> 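There's a structure below that I have some questions on.
The structure displayed is predicted, hence computed values, not measured ones. So that the names make sense, note that chain A is the first sequence line, chain B the second, and so on, each numbered from 1.
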Amino acid sequence: MNFELSYIPDRPSKPRTTGLTMVMDKGLSVNEAHQFVESSGEFTDFIKLGFGTSMITNKLDQKLDIYKKSGLRPYFGGTLFEAFAIRNQIDSFRKFIDKYKVDLVEISDGSMSMPHEKKLEYIRHFSKQVTVISEVGSKQKGVYIPADQWVKMMKNELEAGSMKVIAEARESGTIGIYNSDGTANENLINAISSQINSSDVLWEAPNGKQQVWFIKIFGANVNLGNIAPNLVIPLECLRLGLRGDTFFDFLPDELKKQQQKESH
Amino acid sequence: MNFELSYIPDRPSKPRTTGLTMVMDKGLSVNEAHQFVESSGEFTDFIKLGFGTSMITNKLDQKLDIYKKSGLRPYFGGTLFEAFAIRNQIDSFRKFIDKYKVDLVEISDGSMSMPHEKKLEYIRHFSKQVTVISEVGSKQKGVYIPADQWVKMMKNELEAGSMKVIAEARESGTIGIYNSDGTANENLINAISSQINSSDVLWEAPNGKQQVWFIKIFGANVNLGNIAPNLVIPLECLRLGLRGDTFFDFLPDELKKQQQKESH
Amino acid sequence: MNFELSYIPDRPSKPRTTGLTMVMDKGLSVNEAHQFVESSGEFTDFIKLGFGTSMITNKLDQKLDIYKKSGLRPYFGGTLFEAFAIRNQIDSFRKFIDKYKVDLVEISDGSMSMPHEKKLEYIRHFSKQVTVISEVGSKQKGVYIPADQWVKMMKNELEAGSMKVIAEARESGTIGIYNSDGTANENLINAISSQINSSDVLWEAPNGKQQVWFIKIFGANVNLGNIAPNLVIPLECLRLGLRGDTFFDFLPDELKKQQQKESH
């Protein structure tokens, strides 16, 4: 885009390694995928076919093709990996991703319990053939993981071969890195960001307020995930300071001062 | 679908009499209806053109055709029936459904008061020509119907000719069979399910948490309604145990035990 | 529409000056715009490309054409005007609207502070060439504007050339004319409606409950804005009394009495 507006933050062009937007597709049709890519493909890096939706997606191969041809990287939600894992059917999972030529895999343990060493083995194993992203945090209410353990798990998983670690929030944004009212769990997020390179973390942030919070703390190019398809453009506007909530965040002090002076 | 995954609950194929999903269409365009049917038609049994939307739907006949040709049964929301009823214009209503060749009719009294005998007459009358489903429960806050009256009305309506009775929740899911915070009114639901055959009831369950609750209590093939079009695939995943909330519900004990053993 | 139903309120046909519906487009694709216009164009007067979305809209000219050809008036969200204003780039803003042949402009000061006299100058200036609508109210929490100042600003802005004044609510509907829980700020709304001609005000009312509230107070043809594209048809049903919430609002007393008599 060739902005006529000054003071718009720089956004890296694709393929990006930072400033990533990960979208959650919960069952778009082929045509909807087309439309999404046309309007929002430029601003989307990863697209997750949420939980087990890919098992019941009509024309799955066509949809995946649309995403791939437009420079989006599709992958299957971690819950699907876990559904195969708990059934001792990881070979079938590998066949499934091979069949659909998906080169990005999420390894997670949000729905089931898994010894961490076993998760790390999966990461080491899959990262030999495909790009792995791994998710830390439980989907279950009441499962409490101390901050230092989050950090340790994330470090180990990056070391084992994960390209990015995902900080769990669910689609609802009320668990993991968020309190049950959806506000940020600042202690946990501070612990993570002080010890893990921020560009290595992809924060799930389904709600607008959560997106605003992360952009204000970590800047325009924070990695954000679990974005609904119709919120990608609004999120991009937040990143660019083109919305009320981040209107002042990327302006130089002189413009802010001039406004204050004029209006008082 | 040919699932590679074991322990996926059986779902009856269409036309189904149990495990029904009823969707609420609040104004999809013809193209959107096409897309919906392509992605979600297999998982949808009834599609309700919500409240009076059908009176202002552009290309209504085309939209109805799309649904019918794909094996979905479209019908007009009960509020439309009531809008004709309160105006003493039931003949016009009959002409309206004849004109559009709709063979499924909802008889309800959620917006207006109607002597129950009169409602039963409507059910008897319409069920001679078309399939009737009838709805019990008020849309109005503060209108309290005791549980034994719910049960009695449902029994009478089934006897009068209703194929299914619908338990009211509104689109918001905060009334009827739900408390005002959206949680299930368990006393009422227990009273109904202990006296009415579960397959004869279609529970309105617009919110994900409500859907999870019903699937956990009544199983994968509970009849659920007022599902938004973009939530049909997520709901089907819940029914199949392919989402976090119902991840363990259909697994055999041996797999659950194995997981617990490994992770402790 | 040729309604078979009696007692449906009259709605003016387009181009309307009252009973307006203003829609917020947060990033529809070209095809989605097509679909929207097909199903809901008849019920939509203004369509706002929300905040700065138009700066990153792919095929913006095509989308605008679709709206214009169908008799909708598209315009750019007030935040975009403000983004140019705070950067002292109003000339670029004018070029932008000229380039896209947009003849409706929103002048607002919801994200930034602006001396009111300066805002009035903008209104006077732009209203010489295009239609101006201006917005009163801050997007920021904690910025409190007394009711008499709202009224004064609205009067001045109408006098300066605004065709309509918009009462701010944000997309969330929790600020400006609403309390933080989304209920109507009745004192403020009363103050406005007692001193400003109701047809000159366009009330932002993103939530269904807010729409119901305004229709019950001001009638079927109240001007409402910030309507999501998929809520235009449900809103039109509310205006026409074809939904539970406004089911009785346009019925004559005789029909209401008849119903009460029958059911008791």
Side-chain angles (χ1 to χ4, degrees), chain B residues 24-35 49-60 62-63 76-80 82-89 91-96 99 108-119 138-141 168 170-172 175 228-230, chain C residues 1-9 11 21 28-44 70 207-209 212 227-252 254-264:
Chain B
M24 188 173 187
D25 168 352
K26 296 194 294 175
L28 297 184
S29 68
V30 169
N31 265 332
E32 287 167 330
H34 259 303
Q35 293 167 12
L49 277 57
F51 35 93
T53 54
S54 47
M55 299 302 280
I56 58 170
T57 297
N58 194 10
K59 305 184 181 171
L60 176 59
Q62 286 185 39
K63 185 156 84 168
F76 304 128
T79 301
L80 189 67
E82 296 178 55
F84 280 97
I86 201 166
R87 287 167 175 83
N88 306 308
Q89 291 187 279
D91 281 349
S92 301
F93 178 67
R94 196 176 302 109
K95 280 179 201 155
F96 189 68
K99 178 177 172 189
S108 63
D109 55 350
S111 293
M112 66 181 288
S113 299
M114 190 185 286
H116 198 232
E117 184 47 42
K118 191 169 179 182
K119 190 180 177 190
S138 175
K139 289 189 196 305
Q140 289 155 286
K141 262 191 188 168
E168 169 76 74
R170 294 209 69 174
E171 190 198 339
S172 57
I175 216 155
N230 64 347
Chain C
M1 302 279 153
N2 186 2
F3 283 104
E4 294 87 351
L5 280 168
S6 52
Y7 309 116
I8 299 294
R11 293 272 290 138
T21 294
L28 297 184
S29 68
V30 168
N31 265 332
E32 288 167 329
H34 259 303
Q35 294 168 10
F36 172 74
V37 156
E38 183 195 286
S39 66
S40 308
E42 187 182 343
F43 316 117
T44 305
S70 304
N207 302 332
K209 281 184 186 176
V212 169
I227 310 300
N230 63 347
L231 292 184
V232 169
I233 288 178
L235 167 59
E236 192 67 22
C237 287
L238 287 174
R239 292 183 185 277
L240 297 173
L242 291 173
R243 198 168 180 185
D245 309 88
T246 58
F247 188 83
F248 290 108
D249 287 80
F250 308 108
L251 288 180
E254 59 191 81
L255 288 185
K256 294 185 216 170
K257 278 183 200 153
Q258 175 205 315
Q259 182 224 208
Q260 284 166 354
K261 213 170 127 188
E262 278 187 7
S263 54
H264 288 295

> Which bit of B:Met112 comes within less than 4.5 Å of chain C, counting heavy atoms only: side chain, backbone, both or neither?
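Its backbone and side chain both get close to chain C.
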> Compare all side-chain heavy atoms of C:Gln35 with those of B:Leu28 and state whether any distance is below 4.5 angstrom.
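No, their side chains stay 4.5 Å or more apart.
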> Considering residues at least two apart in sequence or located in another chain, which fulfil the salt bridge (charged side-chain N to carboxylate O under 4.0 Å, His left out) criterion with B:Lys95?
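None.
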> Nearest heavy-atom pair of B:Ile86 and C:Phe248: which atoms, and what distance?
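Closest approach of B:Ile86 to C:Phe248: CD1-CE2, 3.5 Å.
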> Using 0.5 Å steps for rounding, measure from the CD atom of C:Glu4 to the CG atom of B:Asp91.
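Between atom CD of C:Glu4 and atom CG of B:Asp91 there are 12.5 Å.
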> Which atom names give the shortest non-hydrogen contact between C:Leu242 and B:Thr79, and what distance separates them?
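Shortest heavy-atom separation between C:Leu242 and B:Thr79 comes out as O-CG2, 4.1 Å.
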> Is C:Gln260 in contact with chain B via its backbone, its side chain, both, or neither, using a 4.5 Å heavy-atom distance?
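No part of it gets close to chain B.
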> Using a 4.5 angstrom heavy-atom cutoff, name the option from B:Gly52, B:Ser92, B:Gly50, B:Gly110 with the most pairs to chain C.
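Top option by heavy-atom pairs under 4.5 Å: B:Gly52.
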> How far apart are the closest heavy atoms of B:Phe84 and C:Leu5, and which atoms are they?
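Closest approach of B:Phe84 to C:Leu5, heavy atoms only: CD2-CD2, 3.5 Å.
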> Is chain C contacted by the side chain of B:Lys63, its backbone, both, or neither, given a heavy-atom distance below 4.5 Å?
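For B:Lys63, there is no contact with chain C at all, as no heavy atom is under 4.5 Å.
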> Side chains of C:Leu251 and B:Arg87, heavy atoms from C-beta outward: is any pair under 4.5 Å?
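Yes, side chains in contact.
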> Please name all residues satisfying ring pair (Phe, Tyr, Trp, His ring centres under 6.0 Å) with C:Phe36, sequence neighbours left out, ordered by chain then number.
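In terms of ring pair (Phe, Tyr, Trp, His ring centres under 6.0 Å), with neighbours along the sequence ignored, C:Phe36 is linked to no residue.
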> Would you say that C:Gln258 contacts B:Asn88 through its side chain, given a criterion of any heavy-atom pair below 4.5 Å between the two side chains?
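Contact flag for C:Gln258/B:Asn88 side chains = yes.
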> Please report the interatomic distance CG(C:Asp245) to CZ(B:Phe51), rounded to the nearest 0.5 Å.
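Output value for this atom pair is 9.0 Å.
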> Working to the nearest 0.5 Å, report the span between CD1 of C:Ile8 and CE of B:Met55.
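One finds 6.5 Å between CD1 of C:Ile8 and CE of B:Met55.
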> Quick one: do B:Glu32 and C:Glu32 satisfy side-chain contact (heavy atoms from CB on, under 4.5 Å)? Show the steps, please.
CA-CA 9 Å; B:Glu32 287 167 330; C:Glu32 288 167 329; 5.9 Å; no
> Identify which of C:Glu262, C:Lys256, C:Arg243 forms the greatest number of heavy-atom pairs closer than 4.5 Å to chain B.
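Ranked by heavy-atom pairs under 4.5 Å with chain B, first place is C:Arg243.
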> Keeping C:Gln259 on the side-chain end and B:Ser113 on the backbone end, is there a donor-acceptor pair under 3.5 Å?
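Yes, because the side chain of C:Gln259 sits within donor-acceptor range (under 3.5 Å) of the backbone of B:Ser113.
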> Do C:Glu38 side-chain atoms and B:Ser29 backbone N/O form a donor-acceptor pair below 3.5 Å?
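No; zero donor-acceptor contacts below 3.5 Å.
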> Do C:Asn31 and B:Asn31 come close enough that some side-chain heavy atom pair is under 4.5 Å?
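Counting from C-beta outward, C:Asn31 and B:Asn31 never come under 4.5 Å.
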> Report the option among B:Gly77, B:Ala83, B:Ala85, B:Gly78 that has the most heavy-atom pairs separated by less than 4.5 Å from atoms of chain C.
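Most pairs with chain C among the choices: B:Ala83.
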